[in-house]
Amino acid sequence: MDIEKNKDGADRRSVLKAVLGTPLLFSAGTLSSPALAQTPLTASGKLTVYFARHGESEANVLNVFSNRGVKHPLTIKGYQQGKTLAEALARDKIEAIYSSPITRAVQTADIIALATNKVVRLAPEIREYDVGVYGDTGSEQGWKIFDEVQEAWNRGQPEAKMDGGESLNDQKGRFLPFMSRLLAHHGPTGGAIVLVAHSGIYRNMLPLVFDNIDLKFSMGNKLANASYAKGSFAMAAFTAWSGTVKLSHR
């Protein structure tokens with residue numbers, strides 16, 4: 001996990017778009033990934049993980065792919081909404097914040113960091129998945145292929161990908177080891193941590209983290225801007241992690 005402290009300055013402050021709605025509750029489920037099941041179980045305790053999506057960005061407004069670099073920051077409208085989200089998360093005792101290095105996620109994480117008096121640790125492993133040659137475009141053809149690839153993944157074809165982009169297996173290869181290290185590092189002490197990332201990587205990876213959510217469900221219930229999935233992980237001797245998930249549309 002690469003770690004970088006916040007830099008002071010308004011250019012890192014950002015925007016979130018909160019969407020009101022009824023929270024969706026799911027029953028407890030053991031983690032289904034072998035990578036996570038190998039996490040050392042050395043203590044008893046409880047770890048809460050907030051899988052938070054970034055706020056509304058210029059890319060959302062323009063409907064373009066923006067999964068690399070520093071383009072398309074958060075919108076002005078979303079900044080006050082981001083403060084609301086940060087205040088809600090600050091009610092819990094946040095121990096750490098990890099963010100995708102993509103601008104809109106870092107800006108969102110900075111707002112949360114200000115409210116919780118924490119620094120942001122950059123985690124390239126949770127960045128949005130790459131769409132290859134369609135990056136920084138909003139072509140109708142690109143979005144058509146995007147949907148086709150997502151449907152292929154849902155049909156059990158994890159190697160499908162956009163030209164030059166990442167497959168489902170590529171995403172799994174970076175996200176699940178990161179989660180395993182995260183749980184191993186923070187699990188023994190418990191508390192709450194926040195991950196700030198993107199709807200696509202969450203949609204594809206959360207079904208691999210929790211066995212009570214499948215890809216078909218996540219495709220139909222993606223996280224809105226400034227929403228989060230809340231996982232409560234409890235450690236038990238000689239067993240894998242288990243937990244509940246709550247999707248909150250704030």
Side-chain angles (χ1 to χ4, degrees), residues 10-26 49-92 94 97-116 120 122-123 126-131 135-138 142-143 146-147 150 171 175 193-207 209 213 217-231 245-250:
D11 60 315
R12 293 280 303 276
R13 311 235 178 138
S14 20
V15 197
L16 308 174
K17 180 180 179 183
V19 179
L20 297 177
T22 303
L24 303 175
L25 300 178
F26 303 95
V49 182
Y50 292 95
F51 298 89
R53 185 188 174 192
H54 63 79
E56 181 190 73
S57 74
E58 291 178 358
N60 295 140
V61 175
L62 297 172
N63 198 34
V64 299
F65 297 110
S66 183
N67 301 347
R68 305 171 183 168
V70 297
K71 294 183 179 180
H72 305 115
L74 294 170
T75 65
I76 297 301
K77 177 182 177 182
Y79 178 58
Q80 292 301 324
Q81 302 282 356
K83 289 177 63 177
T84 301
L85 173 64
E87 289 166 3
L89 293 176
R91 296 185 189 121
D92 205 342
I94 303 301
I97 302 169
Y98 293 85
S99 175
S100 155
I102 297 174
T103 297
R104 58 190 181 274
V106 175
Q107 291 176 323
T108 302
D110 278 347
I111 299 174
I112 299 170
L114 288 173
T116 58
V120 176
L122 296 185
I126 62 174
R127 68 187 184 277
E128 185 61 293
Y129 70 90
D130 200 290
V131 296
D136 295 326
T137 72
W143 283 111
F146 175 87
D147 290 337
Q150 190 72 52
Q171 297 167 61
F175 189 90
I193 62 176
V194 178
L195 307 185
V196 183
H198 311 268
S199 63
I201 193 72
Y202 284 152
R203 178 178 63 243
N204 298 328
M205 293 296 102
L206 287 187
V209 173
I213 297 177
F217 175 86
S218 66
M219 284 178 64
N221 295 271
K222 77 172 186 177
L223 286 175
N225 291 121
S227 294
Y228 58 81
K230 180 180 180 181
V245 177
K246 175 181 178 181
L247 297 186
S248 177
H249 299 275
R250 304 192 63 82

Looking at every non-hydrogen atom in both residues, tell me the closest pair between [X] and [Y] and how far apart they are.
{"X": "Ile111", "Y": "Ala86", "value": "O-CB, 3.7 Å"}
{"X": "Glu128", "Y": "Ile102", "value": "N-CD1, 3.8 Å"}
{"X": "Tyr202", "Y": "Leu195", "value": "OH-O, 3.0 Å"}
{"X": "Val209", "Y": "Phe175", "value": "CG2-CE2, 3.9 Å"}
{"X": "Val196", "Y": "Ile112", "value": "CG2-CD1, 4.0 Å"}
{"X": "Met219", "Y": "Arg203", "value": "CA-CD, 3.7 Å"}

List for me each residue that meets salt bridge (Lys or Arg N to Asp or Glu O under 4.0 Å) alongside Asp92, sequence neighbours excluded, and say none if there are none.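 Asp92 satisfies salt bridge (Lys or Arg N to Asp or Glu O under 4.0 Å) with no other residue.
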Determine whether [X] and [Y] make a side-chain contact, defined as any pair of heavy atoms from C-beta on separated by less than 4.5 Å.
{"X": "Tyr228", "Y": "Leu85", "result": "yes"}
{"X": "Leu74", "Y": "Tyr79", "result": "no"}
{"X": "Glu56", "Y": "Val61", "result": "yes"}
{"X": "Lys71", "Y": "Thr103", "result": "no"}

Roughly how far, to the nearest 0.5 Å, is the [atom2] atom of [Y] from the [atom1] atom of [X]?
{"X": "Ser100", "Y": "Arg53", "atom1": "OG", "atom2": "CZ", "result": "12.0 Å"}
{"X": "Thr84", "Y": "Leu89", "atom1": "OG1", "atom2": "CG", "result": "11.0 Å"}
{"X": "Ile126", "Y": "Tyr98", "atom1": "CD1", "atom2": "OH", "result": "10.0 Å"}
{"X": "Glu87", "Y": "Leu114", "atom1": "CD", "atom2": "CG", "result": "11.5 Å"}
{"X": "Tyr129", "Y": "Met205", "atom1": "OH", "atom2": "CE", "result": "10.0 Å"}

Kindly assign one of parallel, tilted or perpendicular to the pair Phe146 and Phe65, based on the angle between their ring planes and the thresholds 30° and 60°.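 Rings of Phe146 and Phe65: tilted, as their planes differ by 30° to 60°.
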Do Asp136 and Arg68 meet the salt-bridge criterion of a basic N to acidic O distance under 4.0 Å?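 No, no charged N to carboxylate O under 4.0 Å.
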Taking ring pair (Phe, Tyr, Trp, His ring centres under 6.0 Å) as the test, write out the residues that go with His198, two or more places apart.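 For His198, the residues satisfying ring pair (Phe, Tyr, Trp, His ring centres under 6.0 Å) (neighbours in sequence not counted) are His54.
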Report yes or no: does Asn67 contribute a side-chain atom to a donor-acceptor pair with the main-chain N or O of Asp130 at less than 3.5 Å?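 It does not hold such a pair.
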Report yes or no: does Arg104 contribute a side-chain atom to a donor-acceptor pair with the main-chain N or O of Asn60 at less than 3.5 Å?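 Flag not set: sc Arg104 to bb Asn60 has no pair under 3.5 Å.
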